[in-house]
Asker: 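Got a structure for you, written out below as structure tokens; questions coming shortly.
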Amino acid sequence: MAYMWITGLILFLIQILILLVPECSAKVPAIIVFGDSSVDSGNNNFISTIAKSNFAPYGRDFPGGSATGRFCNGRLPPDFLSQAFGLKPAIPAYLDPMYNILDLATGVCFASAGSGYDNATADVLGVIPLWQELENYKDYQRRMKAYLGAKKAKEIITEALYIMSLGTNDFLENYYTIPGRRSQFTIQQYQDFLIGLAEDFVKKLYALGARKLSLTGLSPMGCLPLERATNFMHPNSCVKEYNDLALEFNGKLNQLVAKLNDELPGMKVLFANPYDLLLQLITAPSQYGFENAEVGCCGSGTFEMGIICNRDHPLTCTDADKYVFWDAFHLTDRTNQIISAYLFKDLKSKFL
């Protein structure tokens, strides 16, 4: 057992060293992010919604120990990827007034926790829908051109890496929770509906100048602590139906990526698939130096997230690095590091 732990720790350290080596000659001048809580660096702080995390213990392991609005104890994958590309170590939220357009020129996040491809998903918690994320991006482009000039702004917009990470909420927060979409679509039809929305969004990004895109697939969402805790048929086990759905949807996303690469001249789209690696972390955590992959660090780790995950909970763990999950729905800083290092290898190969 000790040998397996040490081997896993060595592999983890190698991955992190790869991730932290700066790419000074990077051809990626900026990281531009769209999506949900997996990548939201704090936009929800500035809208009226309960889907917030700008309070302790969130952010306790973030540089400076501040709760930025990231649903994590530390940093998110785009932050690590930005650093790996030789850019800044944390990507600011577009709506945060603390940052000016110069701060946002090398990376900006438009994502909103609780959002999805489907506008109806954003309505559940009153967050920023994907169409509004795009409108905010258009505003960002206008500001960039005004500040840097049309030529320099166009260069950054064209060479930037765009990251999209969303979809889980469409199924778990919307389709399987709210009856509206289930009355309109079978689960297969709903997947196709979402794929159509994803395709439309990417084509709009392309028309606005984007040429490098990483489209992130779903994780094994049936293994989220919240889903395991509410799996009454097989207590504390992963929900096979949800994992199978994630695999099926990822297959459709992969097909979409091939189609987009074929149809959009000059566009490079990468399907970033975290499913297999995250499933390995969950099923064999000790191989990566983790001690717990069934519950989150915050509180009991079974249902706490957002406002229910607060600083006064006596059960919150002292060392989040031992946990795959930070709360009942989101990953720890360390898990995000490992996944980012894994994804960076393909991103580097594709876009550098």
Asker: Decide, yes or no, whether a salt bridge links Asp139 with Arg142 under the criterion of side-chain N to carboxylate O below 4.0 Å.
Answerer: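 A salt bridge is present here (some side-chain N lies under 4.0 Å from a carboxylate O).
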Asker: Does Phe34 have its ring centroid less than 6.0 Å away from the ring centroid of Tyr137?
Answerer: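 Yes - the distance between ring centres of Phe34 and Tyr137 falls below the 6.0 Å cut-off.
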Asker: Going through the distances and angles, do Tyr94 and Glu133 end up as a side chain to side chain donor-acceptor pair (under 3.5 Å)?
Answerer: CA-CA 10 Å; Tyr94 184 66; Glu133 291 186 27; over 6 Å; no
Asker: State plainly whether one hydrophobic cluster holds both Ile101 and Phe46, where clusters connect Ile, Leu, Val, Met, Phe, Trp and Tyr through side-chain heavy atoms under 4.5 angstrom apart.
Answerer: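 In one cluster with Ile101: Phe46, yes.
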Asker: Decide side chain to side chain donor-acceptor pair (under 3.5 Å) for Asn73 and Asp333; before the verdict, give the C-alpha distance in whole Å, the side-chain angles of both, and the deciding distance to 0.1 Å.
Answerer: CA-CA 6 Å; Asn73 60 305; Asp333 175 281; 5.5 Å; no
Asker: If we ignore hydrogens and angles and just use 3.5 Å, is the side chain of Lys252 paired with the main-chain N or O of Asp192 as donor and acceptor?
Answerer: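 Checked: no pair found.
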Asker: Do Phe55 and Leu76 sit in the same hydrophobic cluster, where Ile, Leu, Val, Met, Phe, Trp and Tyr count as joined when their side-chain heavy atoms come under 4.5 Å apart?
Answerer: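 Each belongs to a different hydrophobic cluster.
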Asker: Verify the cluster assignment for Leu277 and Leu215: are they in a single hydrophobic cluster under the rule of side-chain heavy atoms below 4.5 Å apart?
Answerer: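 Yes; tracing contacts between hydrophobic side chains, which count when under 4.5 Å, links both residues.
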Asker: One thing to verify: whether Lys151 and Glu155 come together as a salt bridge, which I'm taking to mean a side-chain N less than 4.0 angstrom from a carboxylate O.
Answerer: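 A salt bridge is absent here (no side-chain N lies under 4.0 Å from a carboxylate O).
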Asker: Are Leu245 and Met233 linked, directly or through other ILVMFWY residues, by side chains that come within less than 4.5 angstrom of each other?
Answerer: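 Looking at the clustering, Met233 is in a separate group from Leu245.
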Asker: I need the single residue from Asp170, Asp118, Thr121 that forms a side chain to side chain donor-acceptor pair (under 3.5 Å) with Arg181. Which is it?
Answerer: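 The side chain to side chain donor-acceptor pair (under 3.5 Å) with Arg181 is passed solely by Asp118 among Asp170, Asp118, Thr121.
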Asker: Taking atom NZ as the centre, does Lys268 end up with more than 12 heavy-atom neighbours from other residues, nucleotides or ligands that are less than 6.0 angstrom away?
Answerer: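 Count not over threshold, so no.
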Asker: Answer yes when Asp200 and Lys204 have at least one side-chain N-carboxylate O distance shorter than 4.0 Å, and no when they do not.
Answerer: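 A salt bridge is present here (some side-chain N lies under 4.0 Å from a carboxylate O).
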Asker: Any sub-3.5 Å donor-acceptor pair from Glu304's side-chain atoms to Ser300's backbone N or O?
Answerer: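 Side chain of Glu304 to backbone of Ser300: a pair is present.
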Asker: Is there a salt bridge (charged side-chain N to carboxylate O under 4.0 Å, His left out) between Asp61 and Arg75? Walk through the geometry before answering.
Answerer: CA-CA 8 Å; Asp61 299 309; Arg75 290 192 287 167; over 6 Å; no
Asker: Indicate yes or no: does Lys212 engage Glu159 in a salt bridge with an N to O separation below 4.0 Å.
Answerer: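 Yes, this pair counts.
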